[in-house]
Amino acid sequence: MKILTLSGSTRATSSNSKLLEGVALLFPNHDFLFFKKLDQLPLFRAEDDAHPWAESVIEWRKVLQESNAVIISIPEYIHNLPALIKNALEWIATSGELVGKPVLPITFTPSEPRGEKAMQSLCWSLQALDAQIVVQLRLFQNEINFQNDNSFLENESVEMLKEAVKLLVGG
């Protein structure tokens, strides 16, 4: 199964990217694609959503179309989803790559209660795109511990993450 992973942070040391790398280590039998070019998409403007599209838009849509499932992990910025993810989702509003596609939205924030409003905003956008939200998962950095190879130290939060990904991939 091809699983596309999207991090809502562009930071080189992003904890959301690190979380997605850890997920891939938990499921070595699946093909994970870490799409790290969302910041190359032009700012969405409806009048630009026509032929000829920017190469980055074409690549973004193709990668989404070829994936079987998507995991999106985001921080929370000013009680909302990052503009990087919002812009990427706007570029597929008319093309439909997420229609019916299983998606696992994750917020990965420093600690509770952060992430609740960002999750709500992300889910509203995914619902508008007719994505199949399998389950929503709010995780907190103070509850996830990484080893040197980016794998996780087992705990209850990691178990919830494993179960959520199993739901995403259908077993």
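The residues of the chain are indexed from 1 along the displayed sequence. Quantities reported herein were computed from a predicted structural model and do not represent experimental measurements.
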Could you check Leu139 against Ile106 for side-chain contact (heavy atoms from CB on, under 4.5 Å), going step by step and ending with a plain yes or no?
CA-CA 7 Å; Leu139 296 173; Ile106 300 171; 4.1 Å; yes
Verdict with reasoning, Asn16 to Ser7, per side-chain hydrogen bond (donor to acceptor under 3.5 Å, both in side chains)
CA-CA 6 Å; Asn16 281 271; Ser7 173; 5.4 Å; no
Between Lys166 and Glu163, is a salt bridge (charged side-chain N to carboxylate O under 4.0 Å, His left out) present by the stated rule, with each step listed?
CA-CA 5 Å; Lys166 286 179 187 176; Glu163 292 304 314; 3.4 Å; yes
side-chain contact (heavy atoms from CB on, under 4.5 Å) between Leu161 and Leu19, worked out:
CA-CA 10 Å; Leu161 178 57; Leu19 179 81; 4.0 Å; yes
Lys37 vs Gln40, side-chain contact (heavy atoms from CB on, under 4.5 Å): CA-CA, chis, key distance, verdict:
CA-CA 5 Å; Lys37 297 181 181 180; Gln40 294 176 15; 4.0 Å; yes
Can you list the steps and then say if Ser121 with Lys117 is a side-chain contact (heavy atoms from CB on, under 4.5 Å)?
CA-CA 6 Å; Ser121 183; Lys117 292 176 182 175; over 6 Å; no
Arg45 and Glu90: CA distance, side-chain angles, deciding distance, salt bridge (charged side-chain N to carboxylate O under 4.0 Å, His left out) verdict
CA-CA 9 Å; Arg45 294 180 341 158; Glu90 287 175 345; over 6 Å; no
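Distance check, rounded to the nearest 0.5 Å: CD of Glu156 to CD1 of Ile144 gives 10.5 Å. Residue Ser157 holds its OG atom at 4.0 Å from CD of Glu143, rounded to the nearest 0.5 Å. Going from atom CD1 of Ile92 over to atom CD of Glu97 covers 6.0 Å, rounded to the nearest 0.5 Å. Atoms OG and CD, on Ser111 and Gln141 in that order, are 8.5 Å from each other to the nearest 0.5 Å. Here Ile58 contributes atom CD1 and Ser95 contributes atom OG; the two are 11.0 Å apart, rounded to the nearest 0.5 Å. The CG atom of Leu41 sits 8.0 Å away from the CG atom of Leu84 when rounded to the nearest 0.5 Å.
The hydrophobic clustering, which links ILVMFWY residues whose side-chain heavy atoms are closer than 4.5 Å, places Ile133 and Leu122 together. Connection of Leu104 to Leu81 is not established within any shared hydrophobic cluster, with ILVMFWY side chains joined at heavy-atom distances below 4.5 Å, either directly or through further cluster members. Both Leu26 and Val134 sit in one connected hydrophobic cluster of ILVMFWY residues. Membership requires side-chain heavy atoms under 4.5 Å apart, directly or through other members. Under the 4.5 Å side-chain heavy-atom criterion for grouping Ile, Leu, Val, Met, Phe, Trp and Tyr, Leu137 is connected to Leu167 within one hydrophobic cluster. Both Ile3 and Met160 are members of a single hydrophobic cluster when ILVMFWY side chains are connected at heavy-atom separations under 4.5 Å.
Closest approach of Glu66 and Lys2 over heavy atoms only: O-CD, 3.4 Å. Summarising the geometry of Leu4 relative to Phe35, their closest heavy-atom pair is CD1-CB, 3.5 Å, with the distance given to 0.1 Å. Nearest heavy-atom pair across Ala69 and Met1 is CB-SD, 4.4 Å. Across Gln132 and Gly100, no two heavy atoms sit closer than the pair OE1-O, 3.5 Å. When every heavy atom of Ile74 is checked against every heavy atom of Gly8, the shortest pair comes out as CG2-CA, 4.0 Å. The nearest pair of heavy atoms linking Val135 to Ala164 is CG1-CB, 3.7 Å.
Under the 4.5 Å side-chain criterion, counting only non-hydrogen atoms from C-beta, Leu89 is in contact with Leu98. Between Met119 and Pro105, some side-chain heavy-atom pair lies under the 4.5 Å cut-off. With contacts defined as side-chain heavy-atom distances shorter than 4.5 Å, the pair Ser9/Ser17 does not qualify. Leu38 has its side chain within reach of Ile85: a pair of non-hydrogen atoms, C-beta onward, lies under 4.5 Å apart. At a threshold of 4.5 Å between non-hydrogen side-chain atoms, the residues Ile71 and Leu20 count as touching. For the pair Asn142 and Pro110, the minimum side-chain heavy-atom distance is 4.5 Å or more. The shortest distance between side-chain heavy atoms of Leu126 and Ile72 falls below 4.5 Å. Proximity of Leu33 to Thr5: side-chain heavy atoms (C-beta onward) are nowhere separated by under 4.5 Å.
Pairs of residues two or more places apart, or lying in two chains, that qualify as ring-ring contact (aromatic ring centres under 6.0 Å, His included) and include a residue from residues 86-118 are Phe44-Trp91. Counting only residues at least two apart or in different chains, ring-ring contact (aromatic ring centres under 6.0 Å, His included) contacts with residues 140-163 comprise Phe146-Phe152. Among residues at least two apart or in separate chains, there is no ring-ring contact (aromatic ring centres under 6.0 Å, His included) pair with a member in residues 2-26.
Surrounding CD of Gln147 are more than 12 heavy atoms belonging to other residues, nucleotides or ligands, all under 6.0 Å away. Leu153 CG: more than 12 foreign heavy atoms inside a 6.0 Å radius.
The backbone N or O of Arg114 sits less than 3.5 Å from a side-chain atom of Thr109, completing a donor-acceptor pair. Judged by distance alone, the side chain of Glu76 and the main-chain N or O of Ala118 form a donor-acceptor pair under 3.5 Å. The closest donor-acceptor contact from the side chain of Lys101 to the backbone of Leu64 lies under 3.5 Å.
The aromatic rings of Phe34 and Phe32 sit parallel to each other, their planes meeting at less than 30°, with 60° as the upper class boundary.
Between Glu159 and Lys162, at least one side-chain nitrogen of the basic residue sits less than 4.0 Å from a carboxylate oxygen of the acidic one, meeting the salt-bridge criterion. Between Asp49 and Arg61, at least one side-chain N (NZ, or NE/NH1/NH2) sits under 4.0 Å from a carboxylate O, which counts as a salt bridge.
In this structure, a donor-acceptor pair under 3.5 Å is present between the side chains of Asp149 and Ser151.
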